[in-house]
Amino acid sequence: MARANDEAAALIQELADLLSITGGDAFKIRAYEKAARAVAGHPDDIAGMDLAGLRTIPTVGEAIAKKLLDYNTTGTIRQVEELRAQIPAGVRALTAIPTLGPKKALAVYEELGISSVPELAEAIQAGRLRGLKGFGAKTEQNILHGIELMQQSGERVLIDVATDLAEEIVAALAALPGCLRCTYAGSLRRMRETIGDIDVLAASAEPGPIMAAFTALPFTAEVIASGEKKTSIRTTKGLQVDLRVVPPESWGAALQYFTGSQAHNIRTREIAVRAGLKLSEYGLFDAESGELIVSETEEEVYERLGLPWIPPVLREDRGEIEAALKGALPRLVTVDDLRGDLHSHTDLTDGIATLEEMVEAAAARGLEYYAITDHAPNLFMQRMTDEKMLAQREQVRALQKRYPDLTLLHGTELNIDPEGGVDWDADFLSGFDVCVASIHSHFTQDPAEMTRRLIRACENPYVHVIGHPTARSIGKRRPVDADWDEVFKAAARTGTAMEIDSFPDRLDLPADLIRRALHHGVKFSVDTDAHSLGHHRNIRYGIGTAQRGWLTPDDVINTWPLERLRTFLKKTT
DNA sequence: GCCGTTTTCGGCCCGACTGTTTTCAGTCG
């Protein structure tokens, strides 16, 4: 269920948006935006907090604490309600059109009474914007084009789609003679779960030919902007790609800047300012003399700011600066730390590779243990039976002899029914080495029922891992609604791991819930849920998500040596 | 609106590109 923090943060953000339309003080607006992020990322639930408690949240002062208190008691914020009465929701929606910001939105509303996207499109067609100050022919065209883009998708793409495209672009540009370095940065380097646009960075003393090669790429559908230092295109599939070309000596500063996030950059630049320095994509400079101090590597830039190098996956201004200053950054889990995979399928159910092929792929990954976890009978379409499952177990045991360095675990992926029960009784379940249990149906139970359902699954002594816990499908199915703090408490109490499923359209648990679960002392299993040989490669996305959740190897049970894992699977705690 | 080993007042990240402009505002990241 939506946490109080998320709802309150959305209201504070709305306050910032509405103030930017009415022309409020820009610094006040930024203060609200910062506070909205801080509230959303705060580990403790703000529901029930008093004024003093709220003020302990960084960037929340007296005034914003009072607004949060207002939310805690009334469920809304008075100032937001007042501004909503003044600015229709449709006007705020106008700012979602690319190239149309708060100033232009207010202009068309005040001058022409336009308060929705369709109205605006109609007004432009009818020539009603002619003569409006700041709106020329080109602006009209850009707005219409922006509306079109917004309507025909303009959506974020999954991380695997973006990664494949980015790697293709980087390979093409890196091959050019004048290109000294090239990589992708932005949200893709931070491994966000969906990507709005791809940021590519190149180092060259001569940008011209690189820009030309970039706009000439076969999938370039449109050049959005093109300058000496920066070029933006849109691909045939509608994804925007920005290319920045910087002098080679600026590489480190540019990579730091271009990786973001914007909120993280603001923090690092503030630290620079306080130290009498100036940080830009060209380097770290002395503010007074303008003399360049460092710029060649990211490590140098951070070091000169008094910080250790911060992994890109943490650069969201969600506490990483504070942790870095205290020397308390986590040693993040990596793909190389993994010793096993606890969730995979074969063609016995809905996988498309044989048991032998899947095991061979696991061995090629260098794993020390690998679990086969085909679907259980209650997912009726997979037609699993007790006999088939037991026959597979024999096959697994026989196959084991061929893999002296890879321990095969025979498991299953159970279905958590609406009451929290699973497919088999204790007797049958006790025969498995490991059981993942997942929600595959009845996604829309009310939060109280869903919470009980998940807690009961955790309390089952034979359930070791809750598979893709929110059951979301990014862009298709919403996460199930539960009181996650209660679920995580139960998981920690019973010694049940939460899975991080590596499928690009799942990435489940999501990073924000991982951090909340970590806060409760939960352990995790980062799995592929592979249904084919190619799916083994998805592990990097699961690990990226785990890293965004601040996980260390110790938090992830499938980095543990087999003996330690086996102890955990006994659930004796 | 927030915040302070320069500060309880006066700052607040920085730059690129576009379009409508004659020197800059708006938008974006």
Side-chain angles (χ1 to χ4, degrees), chain A residues 12 15-16 19-21 23-38 54-55 57-68 79 94-108 129-143 145-146 185-188 190 195-201 207 211 223-233 240-246 250 253-254 256-285 287 305-306 315 317 321:
Chain A
I12 298 287
L15 192 52
L19 276 176
S20 73
I21 293 171
D25 174 54
F27 294 112
K28 192 194 229 181
I29 292 165
R30 244 190 55 199
Y32 286 140
E33 289 174 337
K34 266 161 94 168
R37 277 197 307 275
L54 292 165
R55 288 207 56 175
I57 302 170
T59 76
V60 172
E62 184 75 17
I64 294 179
K66 277 186 179 155
K67 290 179 174 64
L68 294 172
Q79 288 86 347
L94 293 180
T95 63
I97 302 170
T99 75
L100 195 148
K103 296 289 179 286
K104 285 195 167 72
L106 183 69
V108 296
L129 263 65
R130 301 282 157 71
L132 194 57
K133 208 173 94 189
F135 289 78
K138 190 73 200 190
T139 300
E140 286 187 357
Q141 246 176 49
N142 287 343
I143 293 173
H145 186 52
S187 56
L188 191 55
R190 302 199 312 277
I195 306 298
D197 51 44
I198 294 175
D199 301 302
V200 178
L201 180 65
M211 297 298 189
V223 178
I224 300 165
S226 178
E228 179 73 1
K229 296 169 173 165
K230 175 182 169 180
T231 294
S232 299
I233 62 136
Q240 183 173 330
V241 186
D242 296 337
L243 170 67
R244 282 286 289 261
V245 182
V246 298
S250 303
Q256 196 278 332
Y257 159 79
F258 216 22
T259 297
S261 65
Q262 196 177 5
H264 175 88
N265 284 353
I266 290 173
R267 292 296 305 276
T268 52
R269 289 176 182 204
E270 281 171 356
I271 290 171
V273 169
R274 277 201 295 280
L277 307 169
K278 187 188 73 158
L279 179 60
S280 78
E281 56 264 53
Y282 298 109
L284 189 61
F285 300 88
L305 292 174
R315 300 182 193 171
D317 190 23
I321 301 277

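Letters go in sequence order (proteins before strands), and every chain restarts at 1.
Listed here is the closest heavy atom pair of A:G260 and A:R315: O-CB, 3.4 Å. Across A:T231 and A:S226, no two heavy atoms sit closer than the pair OG1-OG, 3.7 Å.
When the nearest nucleotides of DNA chain B are assigned to A:G136 and A:E228 by heavy-atom distance, the more 5′-ward of the two goes with A:E228. Comparing A:K229 and A:K67 by the nucleotide of DNA chain B whose heavy atom lies nearest to each, the residue mapping closer to the 5' end is A:K67.
Closest to the A:F27 side chain, of the nucleotides B:dG15, B:dT27, B:dC12, is B:dC12. Taking the side chain of A:R30 as heavy atoms from C-beta on, and the options B:dC2, B:dC13, B:dA16, the nearest nucleotide is B:dC13.
A salt bridge is defined here as a Lys NZ or Arg NE, NH1 or NH2 lying under 4.0 Å from an Asp or Glu carboxylate O, and A:E62 with A:K66 meets this definition.
A 3.5 Å limit on both hydrogen-bonding distances identifies B:dG26 as the Watson-Crick or G-U partner of B:dC17.
Between A:Y282 and B:dC13 there is no side-chain polar atom (N or O) within less than 4.0 angstrom of OP1 or OP2. Residue A:K138 places at least one side-chain N or O closer than 4.0 Å to OP1 or OP2 of B:dG19. Between A:K28 and the phosphate of B:dG1, there is a side-chain N or O to OP1/OP2 separation shorter than 4.0 Å. Listed pair A:T139 / B:dT20 meets the phosphate criterion, a side-chain N or O lying under 4.0 Å from OP1 or OP2. The side chain of A:N142 contributes an N or O atom lying less than 4.0 Å from OP1 or OP2 of B:dG19. The phosphate of B:dG15 has OP1 or OP2 within less than 4.0 Å of a side-chain N or O from A:K278.
A donor-acceptor contact under 3.5 angstrom links the side-chain atoms of A:Y257 to the base of B:dG29. Side chain A:E281 to base B:dG15: no donor-acceptor pair is found below 3.5 Å.
When each of A:V200, A:V246, A:L201, A:N265 is tested with A:F258 by the rule side-chain contact (heavy atoms from CB on, under 4.5 Å), just one qualifies, namely A:L201.
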